[in-house]
Amino acid sequence: MIKILFVCHGNICRSPMAEFVLRDMVAKQGLSDQFFISSAATSTEEIGNPVHPGTRRKLKEFNITTDGKYAVQLLRKDYDRYDYLIGMDNANIRNMERMLGHRGGKIHKLLEFAGSDAEVADPWYTGDFDRTYEDIKKGCEALLAQILATT
């Protein structure tokens, strides 16, 4: 089983969007039983809160639901639990490395998989859930393609 954890600042916008987009992609390929996909926050600000309404609205356009998802905290032991720990921006990566006690290795920025050093913009600040979705979709497609090519 391939275990993937998406990480952002609050775990209410970008990381749950990535979690549920990738889950949907995997399900459509009939591979759900081969993946465990989740998401977490580097901060404690939103812990216990549901997914942001903007993320829910955007994903609803594609019949993707986030029902039952509430923000959770990234834990040090997650480094050993997951094969991929994927942040959305440079600040996420720095915080992940600090919190997990590791550099590199399993830690990646999402758009790296699409051959870019770009960050996934935070719609909490930009209000642009469409752009965030497009970046996440591109990153998740590339991530899945890379995983399937190497397994």
Side-chain angles (χ1 to χ4, degrees), residues 1-27 32 35-144 146-147:
M1 176 152 305
I2 298 160
K3 298 176 184 170
I4 301 166
L5 185 67
F6 292 105
V7 180
C8 69
H9 183 76
N11 192 218
I12 62 168
C13 294
R14 295 173 294 171
S15 61
M17 185 182 284
E19 172 186 349
F20 288 96
V21 164
L22 187 60
R23 281 187 186 186
D24 185 63
M25 289 176 182
V26 165
S32 295
F35 287 83
F36 180 81
I37 304 163
S38 194
S39 63
T42 58
S43 77
T44 58
E45 297 163 25
E46 300 289 348
I47 301 305
N49 289 335
V51 174
H52 190 282
T55 293
R56 290 196 314 261
R57 275 192 302 275
K58 185 63 191 172
L59 293 181
K60 188 176 181 182
E61 292 176 22
F62 305 98
N63 295 315
I64 300 172
T65 179
T66 61
D67 290 351
K69 175 65 182 178
Y70 296 92
V72 298
Q73 178 77 52
L74 176 68
L75 303 172
R76 190 173 191 87
K77 61 187 170 185
D78 286 333
Y79 191 85
D80 294 325
R81 286 183 178 164
Y82 290 90
D83 301 304
Y84 296 86
L85 295 112
I86 302 173
M88 301 293 136
D89 61 32
N90 294 327
N92 297 156
I93 298 300
R94 283 190 303 275
N95 288 332
M96 291 164 66
E97 290 173 343
R98 178 181 47 79
M99 294 171 73
L100 297 169
H102 292 274
R103 291 193 175 279
K106 300 177 180 184
I107 300 172
H108 305 274
K109 194 163 56 170
L110 179 59
L111 289 173
E112 279 177 26
F113 296 99
S116 173
D117 189 44
E119 300 183 335
V120 176
D122 192 342
W124 175 263
Y125 300 105
T126 68
D128 190 348
F129 287 87
D130 295 332
R131 178 175 161 221
T132 299
Y133 173 80
E134 290 304 321
D135 284 347
I136 285 173
K137 180 175 178 265
K138 178 170 52 172
C140 285
E141 286 171 343
L143 169 63
L144 184 56
Q146 181 175 320
I147 291 170

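None of the values given here were measured: they were computed from a predicted structure.
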> Rounded to the nearest 0.5 Å, how far apart are CD1 of Ile2 and CZ of Phe36?
13.5 Å
> To the nearest 0.5 Å, what is the distance between CG on Leu22 and CD1 on Ile147?
7.0 Å
> Should the ring pair His108 and Tyr84 be called parallel, tilted or perpendicular, given that the plane angle runs from 0 to 90° and is split at 30 and 60?
tilted
> Please find the pair of heavy atoms, one from Ala40 and one from Ser15, that lie closest to each other, and give the distance.
O-OG, 3.5 Å
> Taking NZ, NE, NH1 and NH2 as the nitrogens, is one of them in Lys77 or Asp80 under 4.0 Å from a carboxylate oxygen of the other?
no
> If you look at every heavy atom in Met17 and Leu59, which pair is closest and at what distance?
CG-CD2, 3.9 Å
> At their closest point, which heavy atom of Pro50 faces which heavy atom of Arg56, and how far apart are they?
CB-NH1, 4.1 Å
> Hey, is the main chain of Ala121 close enough, under 3.5 Å, to the side chain of Thr132 for a donor-acceptor pair?
yes
> Is Lys58 positioned over the aromatic face of Phe129, cation under 6.0 angstrom from the ring centre and no more than 45 degrees off axis?
no
> Are the side chain of Asp78 and the backbone of Leu74 linked by a donor-acceptor contact shorter than 3.5 Å?
no
> Please lay out, stage by stage, how Glu45 and His9 fare under the test side-chain hydrogen bond (donor to acceptor under 3.5 Å, both in side chains).
CA-CA 9 Å; Glu45 297 163 25; His9 183 76; 3.0 Å; yes
> Got a second to check how far Asp117's CG is from Glu112's CD, nearest 0.5 Å?
7.5 Å
> With a 4.0 Å cut-off, would you call Asp89 and Lys109 a salt bridge?
no
> Could you go through the side-chain hydrogen bond (donor to acceptor under 3.5 Å, both in side chains) check for Glu119 and Asn90 one step at a time?
CA-CA 7 Å; Glu119 300 183 335; Asn90 294 327; 2.8 Å; yes
> Please determine whether a side-chain nitrogen of the Lys or Arg among Lys138 and Glu141 lies less than 4.0 Å from a carboxylate oxygen of the Asp or Glu.
no
> Determine the minimum heavy-atom distance between Ile86 and Met96, stating which atoms define it.
N-CE, 3.9 Å
> Can you check side-chain contact (heavy atoms from CB on, under 4.5 Å) on Ile107 and Glu97, steps first, answer last?
CA-CA 8 Å; Ile107 300 172; Glu97 290 173 343; 3.9 Å; yes
> Please determine whether side-chain contact (heavy atoms from CB on, under 4.5 Å) holds for the pair Glu46 and His52, giving the CA-CA distance in whole Å, both sets of side-chain angles, and the decisive distance to 0.1 Å.
CA-CA 10 Å; Glu46 300 289 348; His52 190 282; over 6 Å; no
> Apply side-chain contact (heavy atoms from CB on, under 4.5 Å) to residues Val21 and Phe6 and explain how you reach the verdict.
CA-CA 11 Å; Val21 164; Phe6 292 105; over 6 Å; no
> Please report the shortest heavy-atom distance between Val120 and Arg14, naming the atom on each side.
O-NH1, 2.8 Å
> Mind checking the OG-CZ spacing from Ser38 to Arg23? Nearest 0.5 Å is all I need.
6.0 Å
> Within the side chain of Asn95, is there an N or O that forms a donor-acceptor pair under 3.5 Å with the backbone of Ala91?
yes
> Would Tyr133 and Glu61 satisfy side-chain contact (heavy atoms from CB on, under 4.5 Å), going step by step from the backbone distance to the final call?
CA-CA 11 Å; Tyr133 173 80; Glu61 292 176 22; over 6 Å; no
> Honestly, is Lys106 close enough over Tyr82, meaning NZ or CZ under 6.0 Å from the six-membered ring centre and within 45° of the axis?
no
> Could you pull out the closest heavy-atom pair between Thr55 and Ile12, with the gap in Å?
OG1-O, 3.8 Å
> What distance separates Ile136 CD1 from Leu111 CG, expressed to the nearest 0.5 Å?
8.5 Å
> What's the separation between atom CE in Met99 and atom CG in Leu85, rounded to the nearest 0.5 Å?
11.0 Å
> So does Val72 get a backbone contact from the side chain of Asn11, meaning a donor-acceptor N/O pair under 3.5 Å?
yes
